[in-house]
Amino acid sequence: QVQLVESGGGSVQAGGSLRLSCAASGYTYSANCMGWFRQAPGMEREGVALIYIRVGTTYLADSVKGRFTISHDNANNMVFLQMNNLKPNDTGMYYCTAGRGGCYSNLNRPGNFDYWGQGTQVTVTS
């Protein structure tokens, strides 16, 4: 089992920045791909950013490219999401996830991930 705990959410005005953190514990060696999904009220969960833990290759949703960056700190079992130039449609619950499988082509496949955090709320006001 892998436990994931998110932090760093909050309310910010459009154009602002937030940095989300995800702390992983447990059998973290079993995780190959980690990242972030988000879900707005009434919407499906969508992939935001993924990273291969061992090699650092990243994948970003088109809607966040140029604004968001995903990174990892393997020594401390942490994954981060730096979000800049936030927009109102970035609002939602952000979930950290980890999976034993790969990242490639899984940005829109939340069912392929094995572990999920409880989420942290991000609200962007105009």
Side-chain angles (χ1 to χ4, degrees):
Q1 287 286 341
V2 176
Q3 292 78 44
L4 303 171
V5 178
E6 304 96 334
S7 60
S11 183
V12 63
Q13 288 189 328
S17 298
L18 285 172
R19 186 184 192 223
L20 305 185
S21 298
C22 175
S25 61
Y27 292 103
T28 56
Y29 62 84
S30 66
N32 183 42
C33 174
M34 293 186 67
W36 297 89
F37 281 71
R38 67 186 179 189
Q39 189 166 19
M43 304 293 287
E44 293 186 353
R45 193 168 294 193
E46 64 171 351
V48 177
L50 299 174
I51 185 168
Y52 275 106
I53 293 302
R54 291 173 182 79
V55 297
T57 305
T58 63
Y59 300 86
L60 294 168
D62 288 342
S63 59
V64 306
K65 284 179 181 176
R67 302 187 297 123
F68 290 13
T69 304
I70 185 170
S71 61
H72 65 110
D73 177 356
N74 282 354
N76 293 298
N77 294 319
M78 300 283 293
V79 175
F80 306 99
L81 185 68
Q82 178 66 43
M83 306 186 293
N84 298 328
N85 190 21
L86 282 159
K87 303 176 180 180
N89 60 4
D90 291 319
T91 294
M93 187 70 77
Y94 282 67
Y95 297 92
C96 181
T97 188
R100 294 184 291 269
C103 295
Y104 183 72
S105 77
N106 278 331
L107 259 179
N108 293 316
R109 297 190 172 106
N112 286 355
F113 290 85
D114 305 291
Y115 308 106
W116 293 89
Q118 294 298 307
T120 185
Q121 178 68 35
V122 171
T123 302
V124 185
T125 58
S126 57

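Counting heavy atoms from C-beta outward, Met78 and Ser21 have side chains that approach closer than 4.5 Å. At least one side-chain heavy atom of Ser30 sits under 4.5 Å from a side-chain heavy atom of Val2. For the pair Arg38 and Glu46, the minimum side-chain heavy-atom distance is below 4.5 Å. Side-chain atoms of Trp116 and Leu4, non-hydrogen and from C-beta on, never get closer than 4.5 Å to each other. Side-chain contact between Glu6 and Tyr94 is absent, with no heavy atoms from C-beta onward closer than 4.5 Å. With a 4.5 Å cut-off on side-chain heavy atoms, Met83 and Val122 count as touching. Proximity of Trp36 to Cys96: side-chain heavy atoms (C-beta onward) are separated by under 4.5 Å at one or more points.
Across every non-hydrogen atom of Thr91 and Val124, the tightest pair is OG1-N, 2.9 Å. Considering all non-hydrogen atoms of both residues, Leu60 and Ala49 come closest at CD2-CB, 3.4 Å. Nearest heavy-atom pair across Arg67 and Leu86 is NH1-CA, 3.9 Å. Scanning both residues, Gly47 and Ala61, for their nearest heavy atoms gives O-CB, 3.5 Å. The minimum heavy-atom distance between Gln121 and Gly92, with the atom names listed, is NE2-O, 3.5 Å. The shortest non-hydrogen separation linking Ala98 to Ala31 is CB-CB, 4.1 Å.
Here the straight-line distance linking atom SG of Cys33 with atom CD1 of Ile51 works out to 9.0 Å at 0.5 Å rounding. One finds the OG1 atom of Thr58 at 14.0 Å from the CZ atom of Phe68 (value rounded to the nearest 0.5 Å). Once rounded to the nearest 0.5 Å, the distance linking OG1 of Thr123 with CE of Met93 reads 8.5 Å. Between the CZ atom in Arg19 and the CZ atom in Phe80 there is a gap of 4.5 Å [rounded to 0.5 Å]. For the atom pair CG of Asn32 and CG of Leu50, the computed distance is 11.0 Å after rounding to the nearest 0.5 Å.
Salt-bridge formation is detected for the pair Asp62/Lys65: a Lys NZ or Arg NE/NH1/NH2 atom is positioned less than 4.0 Å from an Asp or Glu carboxylate oxygen.
Residues Leu18 and Val48 fall within the same hydrophobic cluster, defined by Ile, Leu, Val, Met, Phe, Trp and Tyr side chains chained together at heavy-atom separations under 4.5 Å. Val79 and Tyr29 are assigned to two separate hydrophobic clusters, defined by single-linkage of ILVMFWY side chains at heavy-atom distances under 4.5 Å. Under the 4.5 Å side-chain heavy-atom criterion for grouping Ile, Leu, Val, Met, Phe, Trp and Tyr, Leu81 is connected to Val64 within one hydrophobic cluster. Met34 and Val55 are members of different hydrophobic clusters when ILVMFWY side chains are connected at heavy-atom separations under 4.5 Å.
The closest donor-acceptor contact from the side chain of Asn74 to the backbone of Ile53 lies under 3.5 Å. Asn84 places no side-chain N or O within 3.5 Å of a backbone atom of Ser17 that could act as its donor or acceptor partner.
By the 30° and 60° cut-offs, the orientation of the rings of Phe113 relative to Phe37 is perpendicular.
Screening residues 99-112 for side chain to side chain donor-acceptor pair (under 3.5 Å), with sequence neighbours left out, gives Arg100-Asp114, Arg100-Tyr115, Ser105-Arg109, Asn106-Asn112.
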